[in-house]
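Have a look at the structure below before the remarks.
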2 protein chains.
Amino acid sequence: MTENKAAPRWLDGTESRMWRAWIDMHRHLDRVLEQNLADAGMSMADFVLLVPLSESPEGQLRARDLGAEAGWDRSRLSHQIRRMEQRGLVARVDCETDARGTFIRLTPQGRAAIEAAAPGHVESVRENFLDLLDPSEIDLITAVAERVLERVRPRA
Amino acid sequence: MTENKAAPRWLDGTESRMWRAWIDMHRHLDRVLEQNLADAGMSMADFVLLVPLSESPEGQLRARDLGAEAGWDRSRLSHQIRRMEQRGLVARVDCETDARGTFIRLTPQGRAAIEAAAPGHVESVRENFLDLLDPSEIDLITAVAERVLERVRPRA
DNA sequence: TCAGGTTTGCTGACATGTCAACAAGTTGGG
DNA sequence: CCCAACTTGTTGACATGTCAGCAAACCTGA
C-alpha cells in the first residue's frame with residue numbers, strides 16, 4: 001500500500017455540534033439519574049444489579065448470570081456484591097450443584113430498597129428523557145441505537 | 001394533596017426496548033472509543049483535556065477555564081492534571097496576574113500525543129457512529145440531544 | 001480414568017472519580 | 001482601608017472500576 005493514513009476527516013460543523021450535544025446530554029442525563037437514585041439511598045450500580053435479581057423468580061441468580069445480565073465482568077461484580085452484602089442488600093449463597101458457583105440472593109432489605117427506588121427512577125427517566133420525545137423519535141432512536149449496537153457490540 | 005405518589009408508569013415494550021438499546025449502545029460505544037485511544041497511549045480523560053489545550057492559541061489555559069471546557073469539577077481536574085504532569089503531557093505554570101491561578105500548559109510531548117491520537121479517534125467516531133447515520137438522522141438526533149440537554153443541564 | 005483445558009469467583013494492586021475541607025488570594029461594600 | 005464573602009486550586013480519605021493472576025471445580029477426549 002502506498003498510503004495507510006489518509007488525511008483525517010475532521011468533523012464538520014453539523015457533525016461536531018451533534019457530537020458535542022450527544023456527549024453532554026449523556027453526561028448530564030447520567031448525572032441526573034444518579035442523583036435521583038442517590039436520593040433513594042442507592043447508586044446506579046446497585047440499581048443495575050438489583051433489577052435483574054428482583055425480576056428473577058427465585059429472587060436470586062448465579063453470579064455468572066447476574067454479570068451477564070448487567071454486562072459486567074466477574075471482578076467488578078464481585079467487588080460490588082461484597083459492598084452490597086455489607087450493606088445488607090444481598091447475600092451470597094453457595095450453589096448446591098456447582099461448587100464453583102455462588103448465588104446472589106436478594107435480601108428483604110434489598111427488595112424493599114429496589115421497590116422503593118424503582119418508581120422514582122422510572123419517573124426520572126420519563127421526565128428527563130422519554131417524555132421529551134415523540135413516538136416517531138423513539139422509533140428512530142431505537143433503530144439508530146440498535147444499528148450502532150450491531151457495530152460496537154463485542155462479536156458473539 | 002390527597003396523593004403524592006401515583007402508580008408508577010412503567011416502561012412499555014417500545015420504551016423499554018429503546019431504553020435498553022440506548023444504554024447498551026452507550027456502554028459499548030464508550031468502550032470502543034476508550035480502547036481506540038488506549039491504543040494511542042491515552043485515556044478519554046487525557047483526550048478531553050488535551051483537546052481544548054491544543055486548540056488554545058497559547059497552548060495553555062487557566063485550570064479554571066480548562067475545567068469549564070471539559071465540564072469537570074476542580075478536584076477531578078487537579079488530580080488528573082497531576083497524573084498527566086507526571087507523564088510529561090502538561091506542565092503547571094504560575095499565573096502572573098492572579099496568584100491563585102495556575103496555567104495548564106501543553107508540553108511538546110503533550111502536543112505530539114494529541115496530534116498522534118486525534119485522527120484515529122475521529123476515524124473511530126465515524127466508523128462506529130457517525131457513518132452509520134444518514135443526514136436526516138443526524139439532524140434529528142442533534143435536535144433531540146439539545147432538547148434533552150435543555151432539561152438536564154444544570155441551571156445557569 | 002485422568003491430564004489438560006475451561007469456567008467460576010475472588011483477591012490485591014493500582015487507576016480513577018467524588019466529596020469535604022483547607023489555605024491562599026481576590027473582591028466589593030461600608 | 002478593612003473585613004467578610006467569594007474564588008481558585010490542592011489535598012486526603014474514601015468509593016468505585018480495571019487488570020492480572022490465583023485456586024478450586026468442572027468438563028472432555030484419549
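We name chains A, B, ... by the order of the sequence lines, and we start the count at 1 in each one.
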Rounded to whole Å, CZ of A:Arg82 lies from C1' of C:dC10 at a distance of 10 Å

With sequence neighbours left out, the residues meeting ring-ring contact (aromatic ring centres under 6.0 Å, His included) with B:Phe103 are none

Q) Taking the six-membered ring for Trp, are B:Trp22 and A:Trp22 ring centroids under 6.0 Å apart? A) yes

Residues in residues 36-69 of chain A with a heavy atom under 4.0 Å of DNA chain C, by number, are A:Arg62, A:Ala63, A:Arg64

When rounded to whole Å, the CD to P distance for the pair A:Gln86 and D:dT16 reads 10 Å

Here the distance between atom P of D:dT16 and atom CD of A:Glu85, to the nearest Å, is 15 Å

| said: If hydrophobic clusters are built from ILVMFWY residues whose side chains come within less than 4.5 Å, do B:Ile23 and A:Ile23 share one? | reply: yes

Are B:Arg76 and B:Asp73 close enough for a salt bridge, meaning some N to O gap below 4.0 Å? no

Per-nucleotide protein contact along nucleotides 18-28 of chain C, 5' to 3', at a 4.0 Å heavy-atom cut-off (B base, S sugar-phosphate only, - neither), is BBB----BS--

With a 4.0 Å cut-off on N to O distance, would you call B:Arg17 and A:Glu146 a salt bridge? yes

Here the distance between atom C1' of C:dT8 and atom CZ of A:Phe103, to the nearest Å, is 13 Å

### Task
Test side-chain contact (heavy atoms from CB on, under 4.5 Å) on B:Met18 and B:Glu15 and set out the steps.
CA-CA 5 Å; B:Met18 180 220 182; B:Glu15 290 165 336; 5.8 Å; no

Using the rule given for side-chain hydrogen bond (donor to acceptor under 3.5 Å, both in side chains), can you reason through B:Asp139 versus B:Thr142, listing the C-alpha separation, both sets of side-chain angles and the distance that settles it, and then say yes or no?
CA-CA 5 Å; B:Asp139 289 346; B:Thr142 302; 5.3 Å; no

| Which part of the nucleic acid does A:Ser78 contact within heavy-atom distance under 4.0 Å: base, sugar-phosphate only, or nothing? | base

Taken to the nearest 0.5 Å, the spacing of B:Gln60 CD from B:Cys95 SG works out to 9.0 Å

Between CG of B:Leu77 and P of C:dT16 the distance, given in whole Å, is 14 Å

A:Arg83 side chain near D:dA15 phosphate (N/O to OP1/OP2, under 4.0 Å) | no

How is A:Arg92 classified with respect to the nucleic acid when contacts are heavy atoms under 4.0 Å: base, sugar-phosphate, or nothing?
sugar-phosphate

Notebook entry, point to check: Under 6.0 Å from the CZ atom of B:Arg147, do we count more than 12 heavy atoms belonging to anything else shown?
Noted result: yes

Walking DNA chain D from its 5' end, the first of A:Gln80 and B:Gly101 to be reached, judged by nearest nucleotide, is B:Gly101

A:Ile81 atom CD1 is separated from C:dC10 atom C1', nearest whole Å, by 13 Å

